[in-house]
Amino acid sequence: MSDNKAAARQVGWFGGSFDPVHRAHLALAQAALTGLALDEVRWVVAGQPWQKAGRRMASGEDRAAMVRLMIEGPGGDARFVLDDRELRRAGPSYTLESVREYQQARPDDGLWLVLGQDQLAGLTSWHGWEELVERMGLAVAARAQDEVRAPAALLERPHRLVRLDMPVLQWSSTEARRLAAEGADARPVVGEAVAGYIARHRLYSES
């Protein structure tokens, strides 16, 4: 059976720079997997995140390696898949280009863009966002007491949006980089395997 004739699946599309990946990313992917009864969550590591142009980042190879450690470690799931297509493609990493490429190979799969409230707020600044919301649903993480607030331009267009209830999580990539730069223990934020990788490769170190 050829790939494009394979049985249709429900797939979460979880993109980001993952610089570095941390435990809140893992919690969000788990919430999407469970809340949407997904067959797969694809962790799409951005090669050249256009929204973060000018900021020094760990290499794509290092960021992908850390994602692999996270999704294959405690709390991971066999349905988590590392997707490195944007690392192999030159130029800015646009989600729409990656989704088009994926859907050429698997046109029958249902896709859900997994994102947080802050990303939803800026969605209408994304390259080709209008086409993107035609191609996939939006799965937005929000804390129990928070309302999901879609941009006005999005509300004016047909779209599918579901809410993923999430606890209050304080972990962030910014905090992980700060701890690493200070030589402090980043394990509470990124877990043991990723913290070990950061230390061995001296990522985010000032020296």
Side-chain angles (χ1 to χ4, degrees), residues 1-18 21 24-25 27-53 60 63-64 67 71 77 79-143 146-166:
M1 179 180 291
S2 64
D3 187 52
N4 63 354
K5 294 296 184 182
R9 302 173 301 169
Q10 292 295 310
V11 176
W13 193 274
F14 188 26
S17 56
F18 301 118
V21 65
H25 289 136
L28 177 50
Q30 290 167 332
L33 197 65
T34 302
L36 295 169
L38 298 175
D39 297 293
E40 182 177 280
V41 172
R42 302 189 75 82
W43 294 63
V44 187
V45 183
Q48 297 182 34
W50 62 272
Q51 291 173 309
K52 299 183 180 180
R63 290 181 287 115
V67 168
I71 66 179
D77 193 285
R79 292 166 291 178
F80 290 160
V81 175
L82 174 63
D83 189 320
D84 67 353
R85 73 182 66 229
E86 294 186 357
L87 300 177
R88 293 182 274 107
R89 190 172 69 228
S93 297
Y94 294 126
T95 300
L96 177 59
E97 292 181 5
S98 301
V99 168
R100 284 173 176 166
E101 182 180 85
Y102 179 88
Q103 290 181 323
Q104 285 179 349
R106 294 196 60 99
D108 295 329
D109 283 3
L111 291 186
W112 291 92
L113 181 62
V114 180
L115 67 171
Q117 174 64 53
D118 56 339
Q119 292 172 301
L120 178 66
L123 182 66
T124 54
S125 70
W126 291 24
H127 171 73
W129 71 270
E130 299 95 338
E131 180 181 340
L132 195 65
V133 299
E134 292 174 359
R135 289 178 172 269
M136 62 201 316
L138 306 174
V140 183
R143 296 172 298 184
D146 290 345
E147 179 183 354
V148 172
R149 297 177 299 279
L154 176 62
L155 295 175
E156 295 172 357
R157 303 184 68 88
H159 66 281
R160 292 171 295 151
L161 189 152
V162 298
R163 175 195 180 101
L164 300 174
D165 284 328
M166 291 281 291

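Being a predicted model, the structure only gives us computed values, none of them experimental. Residues take their numbers from the sequence shown, with the count starting at 1.
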Between His25 and Val67, is the side-chain contact (heavy atoms from CB on, under 4.5 Å) condition met? List the steps. CA-CA 10 Å; His25 289 136; Val67 168; over 6 Å; no
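- With sequence neighbours left out, the salt bridge (Lys or Arg N to Asp or Glu O under 4.0 Å) criterion links Glu131 to Arg100, Arg135.
- Expressed to the nearest 0.5 Å, how far OG of Ser98 lies from CD of Glu86 amounts to 3.5 Å.
- Here the straight-line distance linking atom CG of Leu82 with atom CG of Leu87 works out to 8.0 Å at 0.5 Å rounding.
- Proximity of Val99 to Met136: side-chain heavy atoms (C-beta onward) are separated by under 4.5 Å at one or more points.
- Heavy atoms only, all atoms of each residue included: Leu111 and Gln103 are closest at CD1-NE2, 3.7 Å.
- Arg89 places no side-chain N or O within donor-acceptor distance of the main-chain N or O of Gly47, the cut-off being under 3.5 Å.
- The shortest heavy-atom contact between Ala46 and Ser93 is C-OG, 3.8 Å.
- Note: Asp118 CG to Arg149 CZ = 10.5 Å, rounded to the nearest 0.5 Å.
- For residues 31-46, the pairs satisfying side chain to side chain donor-acceptor pair (under 3.5 Å) are Arg9-Glu40, Glu40-Arg42, Arg42-Asp83, with sequence neighbours left out.
- Contact record, Met166 with Ala31: SD-CB, 3.5 Å, taken as the closest heavy-atom pair.
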Which is it for Gln117 and Val148 under the side-chain contact (heavy atoms from CB on, under 4.5 Å) test, yes or no, and what are the steps along the way? CA-CA 7 Å; Gln117 174 64 53; Val148 172; 3.9 Å; yes
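- Taken to the nearest 0.5 Å, the CG atom of Leu132 stands 7.0 Å off from the CH2 atom of Trp126.
- Side-chain contact between Arg79 and Leu38: absent, with no pair of heavy atoms (C-beta onward) separated by less than 4.5 Å.
- Atom OH of residue Tyr102 and atom CG of residue Asp109 lie 3.5 Å apart, to the nearest 0.5 angstrom.
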Please determine whether side-chain contact (heavy atoms from CB on, under 4.5 Å) holds for the pair Leu120 and Leu115, giving the CA-CA distance in whole Å, both sets of side-chain angles, and the decisive distance to 0.1 Å. CA-CA 7 Å; Leu120 178 66; Leu115 67 171; 4.3 Å; yes
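- Looking at every heavy atom in both residues, Ala32 comes nearest to Val114 through CB-CG2, 3.8 Å.
- Here the closest heavy-atom approach between residue Ala141 and residue Leu28 is recorded as CB-CD1, 3.3 Å.
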Criterion side-chain contact (heavy atoms from CB on, under 4.5 Å) on Asp77 and Gln30, from CA distance to verdict: CA-CA 8 Å; Asp77 193 285; Gln30 290 167 332; over 6 Å; no
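- Among all heavy-atom pairs drawn from Ala150 and Leu161, the shortest one is CB-CD1, 4.4 Å.
- Side-chain contact between Leu138 and Leu123 is present, with at least one heavy-atom pair separated by less than 4.5 Å.
- Between the CZ atom of Phe14 and the CG atom of Leu33 there is a distance of 12.0 Å, given to the nearest 0.5 Å.
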